[in-house]
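Predicted, not measured: the structure shown is a model, and the values here were computed from it. Just so we're on the same page: letters track the sequence lines, and every chain starts at 1. Computed over heavy atoms, backbone and side chain alike; hydrogens, waters and symmetry mates excluded.
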Number of protein chains: 2
Amino acid sequence: MPEPTPDTLMPLCSVFRRFLRNQGLKYTVERADVLQAIIDHDGPFEAEELLLDMRRRGHRVSKATIYRTLRLLQEAGIITQALFDSKQAHFQLIYGKQPRDVMVCMRTGRTIDFHSEELSALRDRICRELGWKPVGHRFQIFAMSPERTEGEQEA
Amino acid sequence: MPEPTPDTLMPLCSVFRRFLRNQGLKYTVERADVLQAIIDHDGPFEAEELLLDMRRRGHRVSKATIYRTLRLLQEAGIITQALFDSKQAHFQLIYGKQPRDVMVCMRTGRTIDFHSEELSALRDRICRELGWKPVGHRFQIFAMSPERTEGEQEA
DNA sequence: GTGCGTGCAAAGACTTTGCACGTAC
DNA sequence: GTACGTGCAAAGTCTTTGCACGCAC
């Protein structure tokens, strides 16, 4: 019963391996390497970054395999798309993680990460009311950072 | 002073035209047509859809112009990317709209839209604490819909 | 009249796919 | 030993860009 609380968390590789077995798929060196690279990479990443990280430590994988593995990891609920922009895919570990919420400035692009327990509580309550079981969430606030709040008043 | 409250809302075309003028850009028929198509299109859309909508009503625009106009409309704060997936860009009107929040089932992909005043209040409070001026937000809940909640307990 | 805008087609960026060989089970 | 996995390169999608002509200001 996967209730990803920090205490009862099983190692990610076990989670992934079990997922693969259930699907009749194989746990290969390449797939293990990709997962390890993700674990070691702190925060959101893109396919290309992962490839470079892996190359750096001498793990040779093709980009095709990375993309294929990323899809599997998503299906396994281990990573999720971060969806910063639609230009390219960004992913991040979610299994067993508290959601990271983000506030982004619409003028400068500056971002601030935060975590709100209150938000998680709200999420859980909304789910409960509808009979759904919460798994995670993404909250992005669009705002204007303090410096200057005009920018539209010059002719 | 654009404070998009439902009452004092000025027509979108005026907002856009003013934005363009401030940037030293021109308000062309094509740009007006794209904006109108967005207004008439209910909910999120992609560039291609917009093109078809416009063709259907006899407005001929090139895809390049649509993309270029969508970027301007984003900069003007009239639309925003919906970020459903990273495969392609989805946009939606935001100017003067209440944010739409969404709950998505991680197994079936089924989604439920909702709107939470409480969430908006939380957003405003977080912004206030940091001295930022809220413009909008996006909240996505990932959950499992009721039907069956196992699916991972075999093996 | 000038500079910005448009359409077209080509280029670009990211991702997926077909195929032959390799490997986990 | 079999079916799935991998790398490579080609193909696919969506988006951006260069250029010559046209239009808003």
Side-chain angles (χ1 to χ4, degrees), chain A residues 13-14 16-38 44-55 58-76 79-91 155, chain B residues 13-14 16-38 44-55 58-76 79-91 155:
Chain A
C13 52
S14 308
F16 191 31
R17 183 150 50 180
R18 187 202 289 198
F19 167 83
L20 290 173
R21 184 160 35 219
N22 285 351
Q23 307 280 317
L25 303 177
K26 292 166 184 168
Y27 186 68
T28 64
V29 177
E30 289 82 358
R31 288 175 180 171
D33 285 350
V34 171
L35 177 54
Q36 191 57 51
I38 291 171
F45 57 88
E46 18 186 296
E48 182 72 26
E49 279 182 284
L50 223 48
L51 185 72
L52 295 178
D53 284 1
M54 298 183 69
R55 288 260 164 89
H59 291 166
R60 315 224 120 256
V61 215
S62 70
K63 198 174 264 193
T65 294
I66 291 198
Y67 277 111
R68 288 188 275 232
T69 304
L70 288 175
R71 187 189 312 193
L72 291 172
L73 287 165
Q74 276 191 92
E75 289 169 8
I79 65 174
T80 188
Q81 295 204 196
L83 296 182
F84 292 146
D85 63 83
S86 55
K87 178 75 190 181
Q88 74 190 121
H90 296 255
F91 301 87
Chain B
C13 51
S14 309
F16 192 31
R17 184 151 47 180
R18 186 201 288 196
F19 167 83
L20 290 172
R21 185 159 33 217
N22 285 350
Q23 307 279 318
L25 303 177
K26 291 165 185 168
Y27 186 68
T28 64
V29 176
E30 289 83 358
R31 288 176 180 169
D33 285 350
V34 170
L35 177 54
Q36 191 57 49
I38 291 172
F45 57 88
E46 17 185 296
E48 183 71 28
E49 280 182 283
L50 223 48
L51 184 72
L52 296 178
D53 283 1
M54 297 182 70
R55 289 259 163 90
H59 291 164
R60 317 223 119 254
V61 214
S62 72
K63 198 173 264 193
T65 294
I66 291 197
Y67 277 111
R68 289 188 274 231
T69 304
L70 288 175
R71 186 189 313 193
L72 291 172
L73 287 166
Q74 276 191 94
E75 290 169 8
I79 65 175
T80 189
Q81 294 205 198
L83 296 182
F84 291 146
D85 63 82
S86 55
K87 179 76 190 181
Q88 74 189 126
H90 296 254
F91 301 87

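- A heavy-atom distance below 4.5 Å is found between the side chains of A:Lys63 and A:Glu48.
- Rounded to whole angstrom, the span from the CG atom of A:Leu51 across to the C1' atom of D:dT6 amounts to 14 Å.
- Annotation: side chain of B:Ile66 is in contact with side chain of B:Met54 (closest heavy-atom distance under 4.5 Å).
- One can place CD of A:Gln23 at 19 Å from P of D:dA3, the figure rounded to the nearest angstrom.
- In this structure, the side chains of A:His90 and A:Phe45 stay at 4.5 Å or more apart for every pair of heavy atoms.
- Following rounding to the nearest Å, B:Phe16 (CZ) and D:dA24 (P) show an atom-to-atom distance of 15 Å.
- Counting heavy atoms from C-beta outward, B:Phe91 and B:Thr80 have side chains that stay 4.5 Å or more apart.
- The side chain of B:Arg31 contributes an N or O atom lying less than 4.0 Å from OP1 or OP2 of C:dG5.
- Each end of the helix from C:dG1-D:dC25 to C:dC25-D:dG1 gets its own axis, taken as the rotation carrying the C1' atoms of four end pairs onto the next four within a five-pair window, and the two axes meet at 50° to the nearest 10 degrees.
- For the pair A:Thr65 and A:Arg31, the minimum side-chain heavy-atom distance is 4.5 Å or more.
- Within the 4.5 Å cutoff, no side-chain heavy atoms of B:Leu72 are placed close to those of B:Arg68.
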One pair to check against side chain to side chain contact (heavy atoms under 4.5 Å, CB included): B:Val61 and B:Thr69. What are the steps and the verdict?
CA-CA 11 Å; B:Val61 214; B:Thr69 304; over 6 Å; no

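- In this entry the distance linking NE2 of B:His59 with P of C:dG7 reads 13 Å, nearest Å.
- Atom C1' of nucleotide C:dC8 and atom CZ of B:Arg60 are separated by 14 Å, given to the nearest angstrom.
- The CE atom of A:Met54 sits 12 Å away from the C1' atom of D:dT6 (whole-angstrom rounding).
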When you check every protein heavy atom under 4.0 Å of nucleotides 15-25 of chain C, what one-letter string (B, S, -) results, 5' to 3'?
SBBB-----BS

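- Considering only heavy atoms from C-beta on, A:Arg71 stays 4.5 Å or farther from A:Tyr67 through its side chain.
- Looking at heavy atoms from C-beta onward, A:Leu50 lies in side-chain contact with A:Leu70 at the 4.5 angstrom threshold.
- For the pair B:Glu30 CD and C:dC4 C1', the interatomic distance rounds to 12 Å; values are reported in whole Å.
- In this structure, CD of A:Gln81 is placed 15 Å from P of C:dC14, rounded to the nearest angstrom.
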